[in-house]
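Protein chains get the first letters and strands the later ones, always in sequence-line order, with residue 1 at the start of each.
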Protein chains: 2
Amino acid sequence: MNIESLKLFCLVVDEGSISQAARLSFVSQPAVTRQINQLENFYGTLLFDRTNGKMIVTEIGKILYPFAKAIIHDFERSKEVILLQQGEYHLNLRIGASFTIGEFLLPSLLGKFKKQRPEIKVTLTIKNTPGVLLDLSNDVIDLALVEGFVETNHLLVKKFAEDELVLVCPPDHKWRNRQDVPIDELVNERMIWRESISGTRHIVESILKEYGVLDRTINYMEIGSTQAIKSAVEAGLGISILPKLAVAREVEQGQLIKVNITKIDLTRNLWMVQKPQRFNRKGLSDFVKFVKSSI
Amino acid sequence: MNIESLKLFCLVVDEGSISQAARLSFVSQPAVTRQINQLENFYGTLLFDRTNGKMIVTEIGKILYPFAKAIIHDFERSKEVILLQQGEYHLNLRIGASFTIGEFLLPSLLGKFKKQRPEIKVTLTIKNTPGVLLDLSNDVIDLALVEGFVETNHLLVKKFAEDELVLVCPPDHKWRNRQDVPIDELVNERMIWRESISGTRHIVESILKEYGVLDRTINYMEIGSTQAIKSAVEAGLGISILPKLAVAREVEQGQLIKVNITKIDLTRNLWMVQKPQRFNRKGLSDFVKFVKSSI
DNA sequence: CATAGCATATAACAAATTGTTATACATTGA
DNA sequence: TCAATGTATAACAATTTGTTATATGCTATG
């Protein structure tokens, strides 16, 4: 039993005409005729008296009418109420980001987005990359913005920006006037690292390993915060390889010295990761579009 | 939107399982899966959380549930109420019959039928044939039982019995000891007729006309009642051609003399006439079957 | 009273929907 | 780990729904 049929039935009752009901419903007249016929067959009785080509509802049709109206009403309400509920859903956006992205890239980006779409409520959660991806798979966030090494297992991954990793040293370091430093010279330098599950560290380690330098550097210190690492380097405790994004201001103001590693490109991609969902929050696709267009 | 889909949705919610819902509905599991999917697509949202293969209704599904229940309930009620109404309809049977059939054939027939089906309420209306057919076309009766000459125009006509027309004369008539009377001898006899629209008269006239006798008989009297004609013949006012059914008892008791007209068969058919209706009263088809089987 | 205009019904066919079976994939529990 | 169970998907048949073309029947109008 189709609710549309009941809707047509009511319309024919109200209009007293199949043709008129068809016009109002933007379907052909035979379509309405058949719907009414099927309704009559279903209930096993005539719903209209067709004497003289007029459609006059029968006694039994009059009995059906309020039931049909009630069904239609409930159905329409169900659509409305769910749509309302959906509204809140779609206007909520939960973003997770790794430290570098969350602390240095997203704040201004989110600011611009909120200016364009103030009605969308954004929640930003900053964790290390594995934590963010865990949140994603647990449906705690709708979108993950992370750097490096995402297994594409059941996840939608798309590059949305690049960031360069740069070697920084204190202003009084011996490399302070060098443009380039060959990678070999990193040997015996005191390296300050992020914690071992950090996306940034993962990338740096794999590069150094590739060049056989990793094992010969001095793992001098591990600090769980980029901000703290910067302070440590500034204080002359060692050197570090950090995202350009994170040290841009300190380098500009001379608190840190940026040194290129000869011939080595430490550019890595930044990824947007989504879980493939049958129904996404509308705010999500809007934000994804915004990020793509603004970077 | 199909009410069956909503029913399945509720069943899946209640059972927490698509497979179980499929079993209870006697359809295949993929059929239920797709119904649920289409429902989700229609509302643009997930109605179930399928984590770990379980079907747990979502918040929005919980919103839909009472609406679906209400719709299903109203729909079921509409079926019940209409069926109830139908009951009265189907147990009512309005029969119309022409005089001869209504007065001499139907009473015992209806008695037997009521003994078999006491729950069916029968209304019998007796009129002349055109009146009965008019009632039929005006939906005042459901079944007409008439003799002769029914235009098959939009009507379902079926022979259900035969009746013979017989010539009757008073017991002191000159033909009282004759077995046969040639048709020519009818000339100059005082004929007593039914009214001109009577089915019986129609048939008799056409036979007499066929043999060229009609214009030479004496149209002595027209009486609107078979019973009155019988009395008139008995009183010696003339002769008449009447249905065998109507004179059987009087002939047996010697109050009227039956005379055959040589070599002429005045057997005529009795007809059951129905309007072709899309939905007939059940009592009607039952009565039609009863009549066919009992005659 | 014939006929144009309007309404419903029916037939034939295309498109969409619904059901089926077979099969893939994921989870659970022995 | 593997069998058992449950959901999803693909491919196909059967049914349903819409369409256009056309028949039929009533009403109003000249």
Side-chain angles (χ1 to χ4, degrees), chain A residues 1-9 11-43 45-58 61 137-139 151-155 275-279, chain B residues 1-9 11-43 45-58 61 137-139 151-155 275-279:
Chain A
M1 170 57 56
N2 204 301
I3 295 182
E4 296 304 316
S5 301
L6 293 174
K7 223 184 258 183
L8 281 178
F9 164 72
L11 199 55
V12 173
V13 172
D14 294 339
E15 298 295 328
S17 153
I18 285 188
S19 302
Q20 186 61 10
R23 279 189 288 271
L24 293 175
S25 311
F26 305 102
V27 292
S28 67
Q29 166 261 314
V32 179
T33 293
R34 191 156 59 188
Q35 292 290 339
I36 298 297
N37 262 289
Q38 285 178 346
L39 218 52
E40 290 183 324
N41 288 337
F42 177 84
Y43 283 107
T45 183
L46 290 176
L47 298 170
F48 292 95
D49 183 353
R50 289 144 169 93
T51 305
N52 295 351
K54 287 185 177 70
M55 298 293 282
I56 298 158
V57 65
T58 60
S137 75
N138 288 339
D139 289 316
E151 306 130 42
T152 54
N153 212 0
H154 302 292
L155 290 175
K275 221 175 157 179
Q277 301 273 30
R278 202 139 74 85
F279 301 102
Chain B
M1 170 57 57
N2 203 300
I3 294 181
E4 295 304 314
S5 302
L6 292 173
K7 224 183 256 184
L8 281 177
F9 164 73
L11 199 55
V12 174
V13 172
D14 293 339
E15 299 294 326
S17 154
I18 284 187
S19 301
Q20 186 61 12
R23 279 189 288 272
L24 293 176
S25 312
F26 306 102
V27 292
S28 67
Q29 166 262 313
V32 179
T33 293
R34 193 157 57 188
Q35 292 292 336
I36 298 298
N37 262 288
Q38 286 177 346
L39 218 51
E40 289 182 324
N41 288 337
F42 177 84
Y43 283 107
T45 183
L46 290 177
L47 297 171
F48 292 95
D49 184 353
R50 288 143 170 93
T51 305
N52 297 349
K54 287 185 179 67
M55 297 293 284
I56 298 157
V57 65
T58 60
S137 76
N138 287 339
D139 290 316
E151 304 130 44
T152 54
N153 210 2
H154 303 294
L155 290 176
K275 222 175 158 179
Q277 299 272 30
R278 202 139 76 83
F279 301 102

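The list of ring-ring contact (aromatic ring centres under 6.0 Å, His included) pairs with a residue in residues 21-40 of chain A, not counting sequence neighbours, is empty.
Two residues are said to be in side-chain contact when any heavy atoms from C-beta on lie closer than 4.5 Å; Met1(B) and Leu39(B) meet this criterion. For the pair Ile3(B)/Leu6(A), a side-chain contact is recorded, criterion being any heavy-atom separation below 4.5 Å from C-beta on. No side-chain heavy atom of Leu11(B) sits less than 4.5 Å from a side-chain heavy atom of Lys7(B). Contact of the Leu8(A) side chain with the Ile18(A) side chain is not registered, since no non-hydrogen atoms from C-beta on lie closer than 4.5 Å.
Summarising the geometry of Ile36(A) relative to Phe9(A), their closest heavy-atom pair is CD1-CA, 3.7 Å, with the distance given to 0.1 Å. Phe279(B) and Leu46(A) make their closest contact through CD1-N, 3.4 Å (heavy atoms, listed as atom of the first residue, atom of the second, distance).
Rounded to whole angstrom, the span from the CD atom of Gln35(A) across to the P atom of dT17(C) amounts to 14 Å. One atom, CD1 of Ile56(B), and another, P of dG6(D), lie 15 Å apart when rounded to the nearest Å. Per the geometry, CD1 belonging to Ile36(B) stands 11 Å off P belonging to dG19(C), to the nearest Å. When rounded to the nearest whole Å, the span between CE of Met1(A) and P of dT16(D) equals 12 Å. Residue Asn41(A) contributes atom CG, which lies 12 Å from atom P of dA9(C) at whole-angstrom precision. Between Gln38(B) atom CD and dT18(C) atom C1' the separation is 8 Å, expressed in whole Å. Between the CG atom of Leu8(A) and the C1' atom of dG18(D) there is a distance of 12 Å, given to the nearest Å. Between the CG atom of Asn2(B) and the C1' atom of dT15(D) there is a distance of 13 Å, given to the nearest Å.
Judged as a salt bridge (Lys or Arg N to Asp or Glu O under 4.0 Å), and not counting sequence neighbours, the contacts of Lys275(B) are Asp139(B). Residues satisfying the salt bridge (Lys or Arg N to Asp or Glu O under 4.0 Å) test with Asp49(B), not counting sequence neighbours, are none.
Note on Ser28(B): every side-chain N or O is 4.0 Å or more away from OP1 and OP2 of dG19(C). At least one side-chain nitrogen or oxygen of Ser19(B) sits closer than 4.0 Å to the OP1 or OP2 atom of dT7(D).
Partner of Ser5(A) under the side-chain hydrogen bond (donor to acceptor under 3.5 Å, both in side chains) criterion, out of Gln35(A), Gln38(A), Arg34(A): Gln35(A) alone.
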With 3.5 Å as the limit, what N/O pairs link the protein to nucleotides 25-28 of chain D?
residue : atom : partner  : partner atom : Å
dT27(D) : OP1  : Asn52(A) : ND2          : 3.4

Between the protein and nucleotides 9-13 of chain D, are there any N/O to N/O pairs under 3.5 Å, and if so, what are the atom names and distances?
none

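In this structure, the nucleotide among dT8(C), dT17(D), dT18(C) sitting nearest to the side chain of Ser17(A) is dT8(C). Set against dT21(C), dA8(D), dT7(D), the side chain of Arg50(B) has dA8(D) as its closest nucleotide.
Computed from C1' positions of five pairs at each end, the angle between the two local axes of the helix from dC1(C)-dG30(D) to dA30(C)-dT1(D) equals 20°, rounded to 10 degrees.
Once rounded to the nearest 0.5 Å, the distance linking OG of Ser19(B) with CG of Leu24(B) reads 11.0 Å. Rounded to the nearest 0.5 Å, atoms CZ (Arg23(B)) and OG (Ser28(B)) are 12.5 Å apart.
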